Amino acid sequence: MDSIKTEHRQKILIADDSEMNRSILADMLGEEYEILEAEDGVKAVEALQKYGTAIDLVLLDIVMPEMDGFEVLTLMNKKNWIEDIPVIMISAESAPTHVERAYNLGATDFISRPFNGLVVHRRVVNTTLLYAKQKKLVGLVAEQIYEKEQQSKLMIDILSHIVEFRNGESGQHVLHIRTLTELFLRHLSLKTDRYQLSRADMALISTASALHDIGKISIPGEVLNKPGRLTNEEFEIMKTHTVVGSQMMDNLPIHNDEPLVKVARAICRWHHERYDGRGYPDGLKGDDIPIAAQIVALADVYDALTSERVYKKAFSHETAVQMIMDGQCGAFNPLLLECLAEMADRLAGELSSHASREGASRLEMRSVAEEMHRHEELSASERTLQLLEHERMKYSFFAAMSQEIQFEFTQVPPMITINTWGANKLGLKETVIDPLNNERVAALLSPEEITELSKALHNTTPAHPVVSFDALLHLDGEERWYQIVARATWTSDEPPQYTGAIGKAIDIHESRMKLDALERMASHDPLTGLYNHASAKQQIIGRMDERPGGRFALAIVDLDYFKSANDSYGHIFGDRVLKFLAAKLCESIREVDIAARVGGDEFLLFLEYHGEFEPIISRIFNAISGCSYEGFPISISMGVARTEVVGTGYETLFHAADQALYTVKRSGRGQYRFYDDTMHQMLSAISPIDGGVPAEKGIHEESEDTK
């Protein structure tokens, strides 16, 4: 029973440098309240950061080391904590100037030492009861706002899901589009002020994005859900959903002048336009396309690529991003492509964690309700903007960061707060008072670099607040280059006043290593670790261009009876067989040779030779044929072509090896053959009725695994 009672007790933070004073107050209040103690102002701030509004009252001494009570109050005002957490000041000094200053900074009451137990108890009870009632009222208002907001979104979602259900697409599509739209909007607004996107604009566009495909309700089901490729006529029918959607918005009997409807109309009509003017239905180009439609277009393409459809399997996140960046899905605004590239490493995670956003929405609604309670004279849009601006800015900036040094700096009081991971990395406390005069900070960063960074931040403006700065940090006896990216914070006064900065520090060496890993992912087969076909082709062409007189050979290796491995043991076992074969191929060639996976169970080898070549191929073939993997016998067929026979063009060389491989397969598999002109003549003479294919279409082009 005691543990249950303790769990629900209100928390009081006692901040006093005197252990005796803390003990006296704890004895007075400990039976009714849960007591937290802080021996100075810095520890008090750390407790406030840790517990937030779970603290119901602060008893705050004025005279303390490190940071006094007035500095703590100043920081609580800056962080808006004073609005939620009442403070009763404690002091033996009762001069009117001290009392007046405490009240001006937001203190609720004032208690003098020595303590009178009855007075302390009564004032604590009165203050906590008053704020508890206020929190309850705020909670009720927040729930009402939240429910109203959710009901509005629910109606839009229901209408949108009707379309998606008829379309046979994932029920998550509408949710993904709204999430992606919101993420792209936030990142774009941090990157540039070119589009002048307010918080209200971003909320409106995110909500309206759910209606982007509403015009598909008019498309015949046989076209909408056709599993194969659409004919030209069918595609023209499909394209009409953009115009139909915008007409539906135009023809609403009421509310068609509402901002939401206008934005939805623009998105419906133009989310298939492309930046180079090659989209539809109107062929708009560049920023003639509304930014709302541009962003929804990018979100729609990404989700379409990464989701399974009746006509395709889902692509991986990495493949989808690469396809968009390579222009395979049409042209997009270069700024949006930069946003996609910068967000790529966290985009999939944001979508998968979307379920937690309901809780975040409730917190946002609670914040709105609190602001309504305090500032009833403000309009709804101003209320939301003023309340959420700073917190949303921080969220957007820090959401991109993982395993990085993150910090917040305030000028008054001079203090830097560092995330836990970053503080451990730097060997600093999470809260550092007066960092410019701190010995540990000085050991990390030279005074010249600190001055240069400070100057760069002061030279920013509210419209262009972000700076990037390279600095040499001294960590654990070695020097490491870090890139510091920071956003200056400014007041809304006229003129604006610089107040500090939030930012991150990135290890440039580690960042480059991650970039190298991403580049490797783009050039290598994810299963076997060998080059993929496209990358191998580039390497081979470059090698032959560098050595025009060299003697080269290209071999295509096919794993015989691979289908039986999948059918008998399953696809996981089949994948392990492919990895085993890839490893055996690498063991059989030199480091300077090239091994690649062409696709499915086909591999490629590219070698340079000087003397007799057949012994080399014979050695590779014999090293692999006859071995087994967990009881599955490894049998391979090889087709080989040499530049001295067919020339140095890559396509010619590959095609000849492909024909040689086909000859092996027709003669029973488990062999290798070198291409010669008789194969071409023989293959040309084969009739399709006999099971052959024309010589100009080799086995590689017919394999479903490599399409």
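Source: prediction; values computed, not measured.
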Check: Would I556 and F654 count as a side chain to side chain contact (heavy atoms under 4.5 Å, CB included) if you check the C-alpha gap in whole Å, the side-chain angles of each, and the deciding distance to 0.1 Å?
Finding: CA-CA 8 Å; I556 299 178; F654 185 89; 3.8 Å; yes
Next item on the list: List the steps, then state whether side chain to side chain contact (heavy atoms under 4.5 Å, CB included) holds for H176 with T306.
Entry: CA-CA 11 Å; H176 285 176; T306 55; over 6 Å; no
Note to self: Would you say the rings of H271 and H241 are close, in the sense that their centroids are separated by under 6.0 Å?
What the structure shows: yes
Margin query: One thing to verify: whether R186 and E182 come together as a salt bridge, which I'm taking to mean a side-chain N less than 4.0 angstrom from a carboxylate O.
Written below: yes
Item checked: Minimum heavy-atom distance Y675-V645, with the two atoms named -> O-CG1, 4.0 Å
Check: Got a sec: does the NZ of K191 have more than 12 other heavy atoms crowding it under 6.0 Å?
Finding: yes
Next item on the list: Check whether any side-chain heavy atom of H212 sits under 4.5 Å from a side-chain heavy atom of T181, and report yes or no.
Entry: no
Check: How about E318 and V321: do any of their side-chain heavy atoms sit closer than 4.5 Å?
Finding: no
Check: Should K425 and D507 count as an ion pair when the cut-off is N to O under 4.0 Å?
Finding: no
Notebook entry, point to check: Which atom pair, heavy atoms only, marks the closest approach of L530 to A595?
Noted result: CB-O, 3.8 Å
Note to self: Do D558 and S637 pair up side chain to side chain, a donor and an acceptor below 3.5 Å, judged on atom types alone?
What the structure shows: no
Check: Of all residues at least two apart in sequence or in a different chain, which pass the ring-ring contact (aromatic ring centres under 6.0 Å, His included) check with H317?
Finding: Y302
Checklist line | Separation between CG of L335 and CG of L340, rounded to the nearest 0.5 Å | finding: 12.5 Å
Checklist line | side chain to side chain contact (heavy atoms under 4.5 Å, CB included) assessment of Y650 paired with L554 | finding: CA-CA 9 Å; Y650 175 81; L554 187 149; 3.8 Å; yes
Checklist line | R619 side-chain N/O to N622 backbone N/O, donor-acceptor pair under 3.5 Å | finding: no
Next item on the list: Give, for atom CG of L183 and atom CG of L188, the distance between the pair rounded to the nearest 0.5 Å.
Entry: 12.5 Å
Note to self: Once salt bridge (charged side-chain N to carboxylate O under 4.0 Å, His left out) is applied, what residue pairs with a partner in residues 319-336 remain, sequence neighbours excluded?
What the structure shows: none
Notebook entry, point to check: Can you name the closest pair of heavy atoms from G529 and H524 and give their distance?
Noted result: O-CD2, 3.0 Å
Item checked: Sidechain-backbone polar pair: S667 side chain, V664 backbone, donor-acceptor under 3.5 Å -> yes
Notebook entry, point to check: Is D303 reaching over with its side chain to a backbone N or O of A299, donor-acceptor style, under 3.5 angstrom?
Noted result: no
Check: With side chains defined as the heavy atoms from C-beta onward, is the minimum distance between W481 and L473 less than 4.5 Å?
Finding: no
Note to self: Are E234 and M238 packed together at the side-chain level, in the sense that at least one heavy-atom pair is separated by less than 4.5 angstrom?
What the structure shows: no
Item checked: I289 backbone acceptor or donor facing Q294 side chain under 3.5 Å -> yes
Notebook entry, point to check: CD1 of I405 to CG of L426: how many Å apart, nearest 0.5 Å?
Noted result: 4.0 Å
Margin query: Any heavy-atom pair between the side chains of I634 and F580 that's under 4.5 Å?
Written below: yes
Notebook entry, point to check: Do T528 and L581 come within less than 4.5 Å of each other through their side chains, counting heavy atoms only?
Noted result: no
Checklist line | Closest contact, heavy atoms only, T643 versus G550 | finding: OG1-O, 3.9 Å
Margin query: Nearest 0.5 angstrom please: D567 CG to F562 CZ, how far?
Written below: 10.0 Å
Note to self: To the closest 0.5 Å, what do you measure between CG (N333) and CG (D287)?
What the structure shows: 5.5 Å
Notebook entry, point to check: Of all heavy-atom pairs between H187 and C339, which one has the smallest distance, and what is that distance?
Noted result: CD2-SG, 3.5 Å
Check: Do the side chain of T652 and the main chain of T648 share a donor and acceptor less than 3.5 angstrom apart?
Finding: no
Margin query: Are the side chains of F184 and V296 in contact, using a 4.5 Å heavy-atom criterion?
Written below: no
Notebook entry, point to check: Is it true that a side-chain atom of E273 and a backbone atom of G283 form a donor plus acceptor pair closer than 3.5 Å?
Noted result: yes
Check: How long is the gap from CZ on F552 to CD1 on I594, to the nearest 0.5 Å?
Finding: 9.0 Å
Side-chain donor-acceptor pairs under 3.5 Å in residues 535-546, sequence neighbours left out?
| from | atom 1 | to | atom 2 | distance (Å) |
| --- | --- | --- | --- | --- |
| K537 | NZ | E651 | OE2 | 2.7 |
| R543 | NH1 | V592 | O | 2.9 |
| R543 | NH2 | V592 | O | 3.2 |

Check: Would Y531 and F606 count as a side chain to side chain contact (heavy atoms under 4.5 Å, CB included) if you check the C-alpha gap in whole Å, the side-chain angles of each, and the deciding distance to 0.1 Å?
Finding: CA-CA 12 Å; Y531 284 114; F606 181 76; over 6 Å; no
Next item on the list: Could you pull out all residues at least two apart from D575 that satisfy side chain to side chain donor-acceptor pair (under 3.5 Å)?
Entry: none
Margin query: Test of understanding: with salt bridge (charged side-chain N to carboxylate O under 4.0 Å, His left out), list the residues that count as partners of E612, not counting sequence neighbours.
Written below: none
Check: Checking R551 side chain against R642 main chain: does a donor-acceptor pair fall under 3.5 Å?
Finding: no
Next item on the list: Can you sort out the partners of E614 under salt bridge (charged side-chain N to carboxylate O under 4.0 Å, His left out), two or more places apart, ordered by chain and number?
Entry: none
Check: Is there side-chain contact between I624 and V557, with at least one heavy-atom pair below 4.5 Å?
Finding: no
Next item on the list: Can you label the angle between the F674 ring and the Y672 ring as parallel, tilted or perpendicular, going by 30° and 60°?
Entry: perpendicular
Note to self: Looking at every non-hydrogen atom in both residues, tell me the closest pair between I267 and I205 and how far apart they are.
What the structure shows: CD1-O, 4.1 Å
Margin query: Does the structure place the NZ or CZ of R576 under 6.0 Å from the centre of the six-membered ring of Y629, at an angle of no more than 45° from the ring's axis?
Written below: no
Check: Does R278 CZ have over 12 foreign heavy atoms under 6.0 Å away?
Finding: no
Margin query: With a 6.0 Å cut-off (strictly less than), is the heavy-atom count around NZ of K239, excluding the residue itself, greater than 12?
Written below: yes
